[in-house]
Visitor: 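Below is the structure I would like to discuss, written out as structure tokens.
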Amino acid sequence: DADAALYRAKEQGRNGFCFFTHELNRQAVAKLETEVALRHALQRGELLLHYQPKVCAASGRIVGAEALLRWQRGDELVPPGRFIPIAEQSSLILDIGAWVIDEACAQQARWQALGLAMPRIAVNVAARQFAAGNLDTVVDEALRRHGVAASSLELEVTESMLVDTPAAGIEMLGRLKETGVRLSLDDFGTGYSSLAYLRQFPIDALKIDKSFVDQIDAGPEGSAIVDAVIALAHRLGLTVVAEGVETAAQQAYLRRQGCDELQGFHLARPMPAHAFEALWAGGEVAVG
Ligand code: C2E
Ligand code: MG
Ligand code: MG
Ligand code: MG
């Protein structure tokens, strides 16, 4: 990246200067190209949402869906890890983020019209959207535009959004909460968790990060963090969701420990809306 290039350039002295400008140019051009392509993708309707079920651990019923962004770039379906970080470097993420919220509400309205209303659809929110200061308005307008109840929309936020300016972050969470949407803390345990703040966040749910779920297979020490997070969440009156559940053993363990909801490839992968409809019509996912 640019820092490494700068370092190498310094090492190489004068010759390095040429290398440095060349390398920086190349990176800047590549970034700009992706950014331009992404802006066009948004305008041309090449972005779409896939949906992954959240399943009640006790009953196996689908209780919601997480909307996950995809980019249909020609024949390729590009995952968010390859373009969200680029979008996050500019205000483009605000437009993409607003589109995601709007599309999730539009999908919820389409499902309602089919009599298949999802209890809730969750969307991921980027730090920049959160920091922009008008997320509550963006959410409220999308809900009104599509005639969707706030309680059927959930926002997944991360601890990293709350690190720099905890007071402003808590204030925005409060405003979002007032709109009536559900709030969950995503990837819990991977950020700079401040347990001291956790109690002040007006959130409804904690999502245990996949990296901890993976460790369940490693026995009692591996599952210690999962156990602790479930207990902590329940003591705080929060719903606890496990993400990235990939095996029957993980599912059985989480269920036994009282984890409320499960999400992961073992239950179902993210899928296009029409595939989700078929699954939803079936009502539940086997939880054994
Ligand atoms: P996330 O919000 O933590 O979403 C979970 C990710 O884990 C998704 O990857 C999902 O497909 C994947 N996943 C679910 N179950 C399993 C499993 O059992 N095993 C494995 N290996 N993976 C599983 P995806 O769709 O590639 O999204 C990656 C990340 O991109 C998301 O992590 C989220 O941070 C971000 N993202 C996705 N959509 C959006 C969006 O609309 N806006 C923003 N700002 N970020 C988004
Ligand atoms: Mg998420
Ligand atoms: Mg997550
Ligand atoms: Mg994650």
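Counting starts at 1 for both ligands and their atoms, in listed order.
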Visitor: Is it possible for you to check whether R269 lies under 6.0 Å from the centre of the six-membered ring of F265, through NZ or CZ, and within 45° of that ring's axis?
Guide: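 Judged by the rule (NZ or CZ under 6.0 Å from the ring centre, within 45° of its axis), R269 counts as positioned above F265.
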Visitor: Is it the case that the side chain of D186 and the backbone of E156 share a donor-acceptor pair, with hydrogens and angles ignored and the cut-off at 3.5 Å?
Guide: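 Such a contact is absent between D186 side chain and E156 backbone.
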Visitor: Taking a cutoff of less than 4.0 Å between a non-hydrogen atom of the residue and any ligand atom, is G81 in contact with ligand 1?
Guide: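 Judged by the 4.0 Å heavy-atom criterion, G81 does not count as contacting ligand 1.
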Visitor: In ligand 1, which numbered atoms sit nearer than 4.0 Å to a non-hydrogen atom of V245?
Guide: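 The list of qualifying atoms is 18 (O).
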Visitor: Considering F83, F130, F265 one by one, which has a heavy atom nearer to atom 17 (C) of ligand 1 than any of the others?
Guide: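 It is F265 that holds the nearest heavy atom.
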Visitor: Nearest 10°: the angle subtended at the Mg ion (ligand 3) by E243 OE2 and D187 OD1?
Guide: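 Reported to 10°, the angle equals 60°.
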Visitor: Kindly indicate, with the supporting measurements, whether the criterion salt bridge (charged side-chain N to carboxylate O under 4.0 Å, His left out) is fulfilled by E76 and R70.
Guide: CA-CA 10 Å; E76 198 192 356; R70 303 288 182 260; over 6 Å; no
Visitor: When you measure from atom 44 (N) of ligand 1 to each heavy atom in G264, A126, A67, which option holds the nearest one?
Guide: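 The residue whose heavy atom sits nearest atom 44 (N) of ligand 1 is A126.
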Visitor: Mark up the atoms of ligand 1 that fall under 4.0 Å of a heavy atom belonging to D186, in ascending order.
Guide: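 Per the distance check, 1 (P), 2 (O), 3 (O).
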Visitor: Using a 4.0 Å heavy-atom cut-off, which part of I96 comes near ligand 1: side chain, backbone, both, or neither?
Guide: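 No part of I96 is near ligand 1 at this cut-off.
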Visitor: CZ of R145: more than 12 outside heavy atoms within 6.0 angstrom?
Guide: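 Enclosed.
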Visitor: Looking at I84, which atoms of ligand 1 are within less than 4.0 Å of one of its heavy atoms?
Guide: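 Those qualifying, in numeric order: 42 (N), 43 (C), 45 (N).
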Visitor: Under the salt bridge (charged side-chain N to carboxylate O under 4.0 Å, His left out) rule, what do D187 and K210 come out as? Steps first, then yes or no, please.
Guide: CA-CA 7 Å; D187 304 331; K210 179 181 190 310; over 6 Å; no
Visitor: Report the residues that fulfil ring pair (Phe, Tyr, Trp, His ring centres under 6.0 Å) with F83, sequence neighbours left out, ordered by chain and then residue number.
Guide: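 Once residues adjacent in sequence are excluded, the partners of F83 under the ring pair (Phe, Tyr, Trp, His ring centres under 6.0 Å) criterion are W71.
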Visitor: Record the part of L69 in heavy-atom contact with ligand 1 below 4.0 Å; permitted values are side chain, backbone, both and neither.
Guide: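 For L69, the contact with ligand 1 is made by both the backbone and the side chain.
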Visitor: What I want to check is whether the side chains of S223 and Q215 have a donor and an acceptor closer together than 3.5 Å.
Guide: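 Note: S223 and Q215 side chains miss the donor-acceptor criterion.
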Visitor: The Mg ion (ligand 3) to E66: any N/O/S contact under 2.8 Å?
Guide: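 For E66, the answer is no, given that no N, O or S atom comes within less than 2.8 Å of the Mg ion (ligand 3).
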Visitor: What is the minimum heavy-atom distance between R128 and E88, and which atoms define it?
Guide: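 Distance-wise, the nearest heavy atoms are NH1-O, 3.2 Å.
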Visitor: Counting heavy atoms only, which of V123, V100, N124 comes nearest to atom 39 (C) of ligand 1?
Guide: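 That would be N124.
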Visitor: Any N or O on D187 sitting closer than 3.5 Å to an N or O of ligand 1?
Guide: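 Yes, D187 has an N/O under 3.5 Å of an N/O on ligand 1.
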Visitor: When you measure from the heavy atoms of G97 to every atom of ligand 1, does any distance fall below 4.0 Å?
Guide: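 Checking ligand 1 against G97, which is what was asked, there is no heavy-atom contact under 4.0 Å.
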Visitor: Does some non-hydrogen atom of R70 fall short of 4.0 Å from ligand 1?
Guide: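 R70: in contact with ligand 1 (<4.0 Å).
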Visitor: Do the charged groups of E35 and R39 touch, with an N to O distance under 4.0 Å?
Guide: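 R39 and E35: not salt-bridged.
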Visitor: Can you tell me if E88 has a non-hydrogen atom under 4.0 Å from ligand 1?
Guide: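 The answer is no, since E88 has no heavy atom less than 4.0 Å from ligand 1.
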Visitor: For W111, what residues pass the ring pair (Phe, Tyr, Trp, His ring centres under 6.0 Å) criterion, not counting sequence neighbours?
Guide: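 Result, ring pair (Phe, Tyr, Trp, His ring centres under 6.0 Å) vs W111: Y51, F276.
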Visitor: Run the contact test for Q52 against ligand 1 with a 4.0 Å cut-off on heavy atoms, strictly below, and give the result.
Guide: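 So Q52 counts as touching ligand 1.
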Visitor: Could you tell me which non-hydrogen atom of V213 sits nearest to which non-hydrogen atom of A242, and how far apart they are?
Guide: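 Minimum heavy-atom separation between V213 and A242: CG2-CB, 4.0 Å.
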Visitor: Output yes if D186 passes the N/O/S-under-2.8 Å test against the Mg ion (ligand 3); output no otherwise.
Guide: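 For D186, the answer is yes, given that an N, O or S atom comes within less than 2.8 Å of the Mg ion (ligand 3).
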Visitor: What part of K210, side chain from CB on, backbone N/CA/C/O, both or neither, has a heavy atom under 4.0 Å from ligand 1?
Guide: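 Just the side chain.
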Visitor: Below 2.8 Å, can you find an N, O or S atom of E156 next to the Mg ion (ligand 2)?
Guide: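 Here the distance criterion (N, O or S atom, under 2.8 Å) is met by E156, so yes.
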Visitor: Where's the contact between E243 and ligand 1, heavy-atom distance under 4.0 Å: side chain, backbone, both or neither?
Guide: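 For E243, the contact with ligand 1 is made by the side chain alone.
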Visitor: Out of the candidates R120, K54, R61, only one should pair with E261 under the salt bridge (Lys or Arg N to Asp or Glu O under 4.0 Å) rule; please name it.
Guide: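 Result for salt bridge (Lys or Arg N to Asp or Glu O under 4.0 Å) with E261: R120.
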Visitor: Checking side chain to side chain contact (heavy atoms under 4.5 Å, CB included) against E141, which of V139, T137, V138 comes through?
Guide: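 In the set V139, T137, V138, the residue that makes a side chain to side chain contact (heavy atoms under 4.5 Å, CB included) with E141 is T137.
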Visitor: Report yes if some N/O of E66 lies less than 3.5 Å from some N/O of ligand 1; otherwise report no.
Guide: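 Yes, there is a polar N/O contact under 3.5 Å.
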